[in-house]
Peer 1: 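The structure's right below; bear with me while I get my questions together.
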Amino acid sequence: VILRPRHVRTRLTLWYVGVLSAVLALYAAFTLVFLYLSLREGLDRGLDAEFERVEDILTEASDGSIRMGGHDEGESLVEVWSPDGGLLFRSPQLEGQALGDAGSAGSGRGFTSITTPSGRPLRVLSHRHRLGQREVFMRVAISEEPLRHEWRELGVGLLVGLPLAIAIAGLGGHWLATRALAPIDDMARHAERLTADTLGERLPVENSEDELAHLARVFNLALARIEESFARLRRFTADVSHELRTPLTAIRSVGEVGLAERRNENEYRETIGSILEEADRLTVMVDTLLSLSRADAGEVKLDLKPVDLVALAGDVAAHLAVLAEEKAQRLDVEAAGPAVVAADRLVLRQALVNVVDNAIKYSPPGSRVRVVVRENGAASRIEVVDEGPGIAPEHRERIFERFYRVDAARSRERGGAGLGLSLAKWAMTAHGGRIEVESADGRGSTFRLSFPRAGTPGVPPAR
Amino acid sequence: MQILVVEDEAKVARALEEGLGREGYAVTVARTGEEGYYLLDTRTFDLVVLDLMLPGRNGLEILATLRGRDRGIPVLILTARDAVPDRVTGLDSGADDYLVKPFAFPELLARIRALLRRGRTEPVTRLNVADLEMDVLARRVTRAGKALELTSREFELLEYLLRNRGRVVSREMLVRDVWKETRRATPLDNVIDVHIARLRRKIDDHSEAKLIHTVRGVGFAVKEDA
């Protein structure tokens, strides 16, 4: 198992150094081979010239012995053999050392490299040669020493230079990798420091399009979303505490006042009943909050089945008709024909109940509330149209927020906790639809619940 | 009727003891799971009211052991957790019914009555209180011999109140048993109020003796006097 370094920059550097070493080693090997071959070629050409020169200055004496003429006799390394293997001449510089054995004298041809017994590297050219009347075998040699020296020098140079180059490149690579990855370290440090209180901080984003800037931007977006949900949670917690405080205050003061003096039985009954009413209100509120939090957590699985919006509207209208009757309002359902959507009937029904109940609640006695089911090619809609006072523009966006009430005191008196419309909104969003409000001040409001036609209802969103 | 209440919360335990005692049940309270387990081992009860969250021995464990040797005794679970998996676990381990805290007392009484009555209910087709009479089959209601015109919802509501004559009926019970809704919501509370008001107009408005009573903060009751 290969040890895996902990840091990306180390891994990058190691890979980089490894690849570079392999490439450079290959390069050095090729260079050395090529240089050796090319040096030897030069040497061989020199040897050829030397051979020719020696040929010219070799003479046969009358006694059959061979001499070397010319003044440079002392530098040439020459052997001359008779065809039968007798040594005819050998340069004194060879000091009696052979350039090859006698046995191969007749057959050996061409270039060979030898090392003399005294350790001298020589390049030898062997050739048959006619000398006077005789066929002789000649060997001429020159030293390989300069070639080997030059080659060795290069070898040493490469051996020392390459590791040095690799080391420098490695350090440079490590430095570059560290520098390139520094923003990631920054991000990690930033993320480590994150707490609920520092969510507002953002990573600096360099004005570029590279991967790291992209990462920083994505990181910042994630932070923004987390910050937003934290803020929502804080607001929600504060709202809940506030809403719980109202009935708790009532329970406490009613109880305290009730105990303050001796009362008759009926008065005690009133006091206890009043406390129970508040407890009941708390129970309903906690239940509603629980279902909202389940919805938030995505725990509510929609049971999607074909639901006819007209039938649903009729059912809801029948359910709430008595409330309208009490206020002498007309509650009408209008529809051109059936409009079927895939929906969870119970969830959708609760949403519509909340909206229609609101319409009845806020419309004056004697007015008319219409539940209109419309269908065109693109969408199916239920519109709840009332003739109430309308909703002022500043409230329109916020009425779907939890606990938001246009008129808090009045709404609480009617038993509302400001959660009905936010439940309706959740229900519509979970179905992939929308809920919107249209209102002209003083001329009623229209709540529009729209479904994408025949579209696949969306997965409940996380909020 | 012997009822064992296994409940660790002191106030709730005392309220249960007193409330059930007032209804004529003999109540024994165990404040820990161990105690409840011991009592179940040594004595015989007609019904167990079991809190799921207990110190010592978990309510579900008690239930499992109990079901391991006595199948017959009805068990009503009280739980603060109304998450669905918990309910399923409770019912799977052999509970006969459950109530989510906080519960309405009339509802607890109704559930206990239903569990004790189980398997031996004879259908009653004629109901009455004072001079108010209902023929369930003929769907006829008379007060002092005079026929009353009721809508079908009003009829069902009155029938339910009459079947629980003399006892308080909570909104939760009406939501579940008369309106057949799965959960209580503010609009529905208002609908119930309107129906009660209408029923009252038809039944009590022309009579000296009021029969439909509102028990403030608890629910409604049909009985002869306040």
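The chains referred to below are lettered A, B, ... by the order of the sequence lines, with proteins before strands, and numbering in each begins at 1.
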Peer 1: Give the table of side-chain donor-acceptor pairs shorter than 3.5 Å for residues 3-19 of chain B, with sequence neighbours excluded, one pair per line with atom names and distance.
Peer 2:
unit_1: B/E7; atom_1: OE1; unit_2: B/K101; atom_2: NZ; d: 3.1
unit_1: B/E7; atom_1: OE2; unit_2: B/E9; atom_2: N; d: 2.9
unit_1: B/E7; atom_1: OE2; unit_2: B/K101; atom_2: NZ; d: 3.4

Peer 1: Using every non-hydrogen atom in the two residues, find where B/G217 and A/L276 come nearest and quote the distance to one decimal.
Peer 2: O-CB, 3.4 Å
Peer 1: More than 12 heavy atoms of other residues, nucleotides or ligands under 6.0 Å from CZ of B/R140: yes or no?
Peer 2: no
Peer 1: Which value, rounded to the nearest 0.5 Å, describes the distance between A/Q350 atom CD and B/E181 atom CD?
Peer 2: 7.5 Å
Peer 1: Does atom CZ of B/R139 have more than 12 heavy-atom neighbours from other groups under 6.0 Å away?
Peer 2: yes
Peer 1: Has A/R245 got more than 12 heavy atoms of other residues, nucleotides or ligands less than 6.0 Å from its CZ?
Peer 2: no
Peer 1: Is the CD atom of B/E149 crowded by more than 12 outside heavy atoms at less than 6.0 Å?
Peer 2: no
Peer 1: Measuring heavy-atom distances to chain B, does A/V322 have an atom under 4.5 Å in its side chain, in its backbone, in both, or in neither?
Peer 2: both
Peer 1: Is the CZ atom of A/R434 crowded by more than 12 outside heavy atoms at less than 6.0 Å?
Peer 2: no
Peer 1: With side chain to side chain contact (heavy atoms under 4.5 Å, CB included) as the test, would you mind laying out the steps for B/E172 and A/D280 before giving the verdict?
Peer 2: CA-CA 10 Å; B/E172 281 87 355; A/D280 189 54; 4.1 Å; yes
Peer 1: Could you tell me the separation between the CG atom of B/D189 and the CZ atom of A/R281, rounded to the nearest 0.5 Å?
Peer 2: 10.5 Å
Peer 1: So if I take each residue of residues 267-275 of chain A and look for any heavy atom under 4.5 Å from a heavy atom in chain B, which residues do I end up with?
Peer 2: A/E270, A/G273, A/S274
Peer 1: If you tally heavy-atom pairs under 4.5 Å against chain B, which of A/L423, A/V353, A/N354, A/T283 wins?
Peer 2: A/T283
Peer 1: Measure the CG-NZ distance between B/N190 and A/K361 for me, rounded to the nearest 0.5 Å.
Peer 2: 6.5 Å
Peer 1: So which heavy atom on B/V191 is nearest to which on A/H319, and how close?
Peer 2: CG2-O, 3.7 Å
Peer 1: Here's a test for you: under side chain to side chain contact (heavy atoms under 4.5 Å, CB included), which of A/N358, A/L320, A/V356 qualifies with B/P187?
Peer 2: A/L320
